[in-house]
K.L.:
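There's a structure below that I have some questions on.
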Number of protein chains: 2
Amino acid sequence: MIDTKQKILDTAERLFGEQGFRATSLRQVIAAAKVNVAAVHYHFGSKDDLLDAVVDRKAGPVTVARMEWLDRVEAEAGTGPLNVEDVLASFLMPTAEMAQSNPTFVRLMGRMLSEGMMPSIVERHFRESAMRFVMALARAVPHLGREELMWRVHFMIGAMAHTLTGQPAMHMVDMSTDFPTRVRQLVKFLGAGFRAPAEREEN
Amino acid sequence: MIDTKQKILDTAERLFGEQGFRATSLRQVIAAAKVNVAAVHYHFGSKDDLLDAVVDRKAGPVTVARMEWLDRVEAEAGTGPLNVEDVLASFLMPTAEMAQSNPTFVRLMGRMLSEGMMPSIVERHFRESAMRFVMALARAVPHLGREELMWRVHFMIGAMAHTLTGQPAMHMVDMSTDFPTRVRQLVKFLGAGFRAPAEREEN
DNA sequence: GTCTATACTGAGATAGAC
DNA sequence: GTCTATCTCAGTATAGAC
């Protein structure tokens, strides 16, 4: 069939998102997609490369939406100060929107960040937009030095990844809360964190 | 030998912390510990149970330190208001202290939280102290409703886990920053997040 | 070019001899 | 308590049918 590739991609996206990448075997994927084992390797090369292709197919639009959102925020700010929450929203809201239509893929993205899964894949897909995002953040919170800003970005990624996966570490939180609400709360929480004063240099 | 168990535990702790749990095979562990494959299954039952035992051995003291720290914070506050940052420090600083002497184990704890690894293990080891911690937090930020507090705790766990693993998602951050400095910055960031005003109920 | 059948290696687990 | 042998299932590689 012509759409063997499609079937593999669709099935892999679903199973990786639902069960996690490592917890899903290729044999599960090929059974669910009703194709042969070797087809995966023929079309994609390896399990890692399959993941890469799965992400490739869907990550582009999210990145574009993020950049457009950030464009608007920067245009509205003009030469004036940039609002932290607006910058954070430009990064997080497109994800929330995608989560409405495709929650499993968003979970997969969350997993990839938090499981430290395939750093090279994450990097290739997100690094460029992430860099622009960090620059906007630096402008929004100019009281922070580079080092301190980067640490807060690091904290942000952790919080974000953990929130996207939909996996409460303990049964603390109502995971049925819709994504836009989650993200609004996350933006507020992180915004306040970024606004917090810088440490005095005293070490 | 009598200390076969010990050797396995020590080696497993090191390799799991360095490489991750899933990325480490039992065969690596038994080779490094110079014991037989079956010894692991004899002493621990399974790879999962070995992880459990590894965590068991070291997690207790951290929990005790956390609870003692929280005792002090609550005693100092008396019936007055509880400081958020103090509560956060009670949870995070014992980890930072352990990280000084045993960084790999702390990385392993971080991985366990963020990889969604063995939820039952995490729960058994941390649930009780986590509940007391959440109650103290609720007292420190009484302006938050239950739901909103829990979401912020969720964000906190993500940020914390990501910070403990020592795995920067992209090469953004200087991982050589010592743990106490990291944790001080994290406490400040999270403290501001928890202090952020509650959302108006408008959905 | 696309796919199938099959075999190879290494993982975790288990039974049973010592 | 310890070790050998063996089982099942994972990811991967390749030869060859269409």
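This one's a predicted model, so the numbers in the text were calculated from it and none came from an experiment. Below, chain A is the first sequence line, B the second, and so on; all start at residue 1.
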K.L.:
Using a cut-off of strictly less than 4.0 Å, decide whether A:Ser46 has a side-chain nitrogen or oxygen near OP1 or OP2 of D:dG11.
P.N.:
no
K.L.:
Atom NZ of B:Lys47 to atom P of C:dG10: distance rounded to whole Å?
P.N.:
16 Å
K.L.:
Identify, with sequence neighbours excluded, every residue that meets salt bridge (Lys or Arg N to Asp or Glu O under 4.0 Å) alongside B:Arg195.
P.N.:
B:Glu85
K.L.:
In chain order, what residues pass the salt bridge (Lys or Arg N to Asp or Glu O under 4.0 Å) check against A:Glu76, with sequence neighbours excluded?
P.N.:
none
K.L.:
May I have the distance from B:Arg22 (atom CZ) to D:dC9 (atom P), rounded to whole angstrom?
P.N.:
20 Å
K.L.:
Just to verify, what does A:Arg66 make a salt bridge (Lys or Arg N to Asp or Glu O under 4.0 Å) with, not counting sequence neighbours?
P.N.:
none
K.L.:
Distance check needed: C:dT14 P versus B:Asp49 CG, whole Å only.
P.N.:
10 Å
K.L.:
Between A:Leu50 (CG) and D:dA10 (P), how many Å, whole number?
P.N.:
16 Å
K.L.:
Tell me whether A:Asp52 is salt-bridged to A:Lys47, with the criterion being a basic N under 4.0 Å from an acidic carboxylate O.
P.N.:
no
K.L.:
Measure the distance from NZ on A:Lys5 to P on C:dC3 and round it to the nearest whole Å.
P.N.:
10 Å
K.L.:
Mind listing the residues from residues 31-43 of chain A sitting with a heavy atom below 4.0 Å of DNA chain D? Number order is fine.
P.N.:
A:Val37, A:Ala38, A:His41
K.L.:
Please enumerate all residues that pass salt bridge (Lys or Arg N to Asp or Glu O under 4.0 Å) together with A:Asp71, with sequence neighbours excluded.
P.N.:
A:Arg132
K.L.:
Could you name each residue pair satisfying side chain to side chain donor-acceptor pair (under 3.5 Å) that touches residues 25-35 of chain B, not counting sequence neighbours?
P.N.:
B:Gln19-B:Gln28
K.L.:
What integer distance in Å separates B:Leu26:CG from C:dG12:P?
P.N.:
4 Å
K.L.:
Quick one: the side chain of B:Arg27 and the base of C:dG12, do they pair up donor-acceptor inside 3.5 Å?
P.N.:
yes
K.L.:
Tell me the interatomic distance from B:Phe44, atom CZ, to C:dT14, atom C1', rounded to whole angstroms.
P.N.:
18 Å
